[in-house]
Amino acid sequence: MSGPPARVEDPSGAASPGGSPRTAGRMRSWTPYAFCAPYLVLFAVFMVLPIGFGFWTSLHEWDINLPAKPFVGLENYTDLFDPGSVDGSRFWSAMRATGIFTVFSVPLLILLPLLVALLMNGRFRGRNLYRAVYFTPYVLGVVVVGVVWQFLLDGNIGLVNHYLGLDVQWTTDVPAAWVALVGVTVWWTLGLNAVIFLAGLQDIPRELHEAAMVDGASAWDRFRAVTLPGLRPVMLFVVNTTILASANMFGQSYLITRGAPADQTKTAIYLIAETGLRQFDMGTASAMSFILAAFLMVASGLVFGAFRDRRKA
């Protein structure tokens, strides 16, 4: 008769009823990858492969209506950097419009939500109602927001001009069109950033504020020395995501101003969609996308550098 199976000690000291230490160690080394495999597969299929295919498309004269898609190398990129080319002039005009919108919308989408969050962080009756009121516009889709504000801002029949007693063409003249686009975007997305800031404020230990008050610090001193440092990670996230979202603005311009006047409010994403989906020039549209992505990567790097904690460097 054979005896019981030998007990093999694993490297951690626990006995296992069979198998070898080498097999157990191999299984442990592959366990994290097994858990990550579903995400990695999805990431590869829906992120890596589309990015690779998009770059491959940008190297071709890719008209979706034609069977032949000749390889042109970097010609699509060089045309965009040629100030004399039609695509180049249109693209940099759209990049300029994107920059204008980003420069004016981002500060408002940082300062106003932070102010709202500071007010909502206090203790007063009905604060949950006020929080819901500020966040409610964000649950609306961009189509709803765009169509509603297109009628409200109409220069002839719009309620904005009617109730304010103005005669401003909010959707066809600049700078009024930029005021309209920035104002609508701030009204629409302010609530999300305010909620994120509010969560960050509630994560700051109250004992720090109490200690500062005991030391005689004023409200401004507490905000500067306690609140802002405590919000550094949240501020980094909000600033970075707001810049990326503003640089990718499309729906408001498409629905409210339709790029008017003379394509001055046509943003880069608007032009990319028009070039690829309306003119069927997917090669040029892909090249535009990668140039815009390169600018956004540089902007994100600058934001991370600006918020880097110098004390840990």
Taking distance alone, no hydrogens or angles, what donor-acceptor pairs closer than 3.5 Å link side-chain atoms of residues 45-59 to residues at least two apart or in another chain?
residue, atom, partner, partner atom, Å
T57, OG1, F53, O, 2.8
S58, OG, F55, O, 2.6
S58, OG, Y77, OH, 2.8

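Heavy-atom minimum distance, A225 versus P229: O-CG, 3.4 Å. Contact between Q169 and T172 at its shortest, heavy atoms only, is CB-OG1, 3.2 Å. Across T98 and T102, no two heavy atoms sit closer than the pair O-OG1, 2.8 Å. Summarising the geometry of G155 relative to D167, their closest heavy-atom pair is O-OD1, 4.3 Å, with the distance given to 0.1 Å. Among all heavy-atom pairs drawn from L108 and V186, the shortest one is CB-CG2, 3.9 Å. When every heavy atom of F237 is checked against every heavy atom of T241, the shortest pair comes out as O-OG1, 2.8 Å.
S300 is not listed as a side-chain neighbour of I243, based on a closest heavy-atom distance of 4.5 Å or more. For the pair F197 and V116, the minimum side-chain heavy-atom distance is 4.5 Å or more. Taking the side chain as every heavy atom from C-beta outward, L190 and P113 approach each other to under 4.5 Å. At a threshold of 4.5 Å between non-hydrogen side-chain atoms, the residues V145 and Q252 do not count as touching. Taking the side chain as every heavy atom from C-beta outward, L166 and V160 never approach each other to under 4.5 Å. Using a 4.5 Å heavy-atom threshold, the side chains of N76 and D87 count as separate. A 4.5 Å side-chain heavy-atom check between M235 and I110 finds at least one atom pair inside the cut-off. No side-chain heavy atom of M249 sits under 4.5 Å from any side-chain heavy atom of I269.
Grouping the Ile, Leu, Val, Met, Phe, Trp and Tyr side chains by contacts below 4.5 angstrom, directly or via other members, places L118 with W220. If you chain together hydrophobic residues whose side chains sit under 4.5 Å apart, L164 and I256 fall into the same group. With hydrophobic clusters built from ILVMFWY side chains whose heavy atoms lie under 4.5 angstrom apart, M288 does not share a cluster with F280. Tracing side-chain contacts under 4.5 Å through hydrophobic residues (I, L, V, M, F, W, Y), one never reaches V106 starting from L302; they form parts of separate clusters. Cluster annotation: L119 and L111 are assigned to distinct hydrophobic clusters (Ile/Leu/Val/Met/Phe/Trp/Tyr, side-chain heavy-atom contacts under 4.5 Å, transitive).
Atom OH of residue Y254 and atom OG1 of residue T265 lie 13.5 Å apart, to the nearest 0.5 angstrom. Here L80 contributes atom CG and R90 contributes atom CZ; the two are 10.0 Å apart, rounded to the nearest 0.5 Å. Rounded to the nearest 0.5 angstrom, E210 CD and R222 CZ are separated by 10.5 Å. Here the OG atom belonging to S85 is positioned 11.0 Å from the CZ atom belonging to F91, to the nearest 0.5 angstrom. Going from atom CG of D215 over to atom CG of D221 covers 11.0 Å, rounded to the nearest 0.5 Å. Rounded to the nearest 0.5 Å, atoms CG (D79) and CD (E75) are 5.0 Å apart.
The distance between the ring centers of W187 and W149 falls below 6.0 angstrom.
Remark: the backbone N or O of L236 is not paired with any side-chain donor or acceptor of N240 at under 3.5 angstrom. Of the possible donor and acceptor atoms, one in the side chain of D154 sits under 3.5 Å from a partner among the backbone N and O of I157. A donor-acceptor contact shorter than 3.5 Å links the side chain of D63 to the backbone of N65. Checking side-chain atoms of R131 against main-chain N and O of M120 turns up a donor-acceptor pair under 3.5 Å.
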(request) Dump the intermediate steps for side chain to side chain contact (heavy atoms under 4.5 Å, CB included) on F250 and V142, then the final yes or no. (result) CA-CA 9 Å; F250 166 72; V142 64; over 6 Å; no
(message) Please determine whether side chain to side chain contact (heavy atoms under 4.5 Å, CB included) holds for the pair Y138 and V195, giving the CA-CA distance in whole Å, both sets of side-chain angles, and the decisive distance to 0.1 Å.
(response) CA-CA 11 Å; Y138 186 74; V195 169; over 6 Å; no
(message) side chain to side chain contact (heavy atoms under 4.5 Å, CB included), that's the test. Do V168 and V179 meet it? Break it down for me.
(response) CA-CA 11 Å; V168 178; V179 174; over 6 Å; no
(request) Kindly indicate, with the supporting measurements, whether the criterion side chain to side chain contact (heavy atoms under 4.5 Å, CB included) is fulfilled by N161 and W170. (result) CA-CA 9 Å; N161 279 349; W170 297 102; 2.8 Å; yes
(message) Go through it in stages, so that I can follow the logic: the residues are T284 and D281, the test is side chain to side chain donor-acceptor pair (under 3.5 Å), and I'd like the CA-CA distance, side-chain angles, deciding distance and then a yes or no.
(response) CA-CA 6 Å; T284 301; D281 188 357; 2.8 Å; yes
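Using a 3.5 Å distance cut-off with no hydrogens or angles, the side chains of S246 and S105 do pair a donor with an acceptor. Donor-acceptor pairing under 3.5 Å is lacking for the side chains of S253 and T267. Side-chain atoms of S93 and D263 form no donor-acceptor pair, as typed in the model, at a separation below 3.5 Å.
Using the six-membered ring where Trp is involved, H60 and W62 have ring planes that are perpendicular, over 60° apart on the 30 and 60° scheme.
A side chain to side chain contact (heavy atoms under 4.5 Å, CB included) with I204 holds for exactly one of N121, V226, V234; it is V226.
Counting non-hydrogen atoms of other residues, nucleotides and ligands closer than 6.0 Å to CZ of R96 gives a total of 12 or fewer. Atom CD of E274 has more than 12 neighbouring heavy atoms from other residues, nucleotides or ligands inside a 6.0 Å radius. The number of heavy atoms from other shown groups lying within 6.0 Å of CZ (F101) is above 12. Around atom OH of Y130, no more than 12 heavy atoms belonging to other residues, nucleotides or ligands sit under 6.0 Å away.
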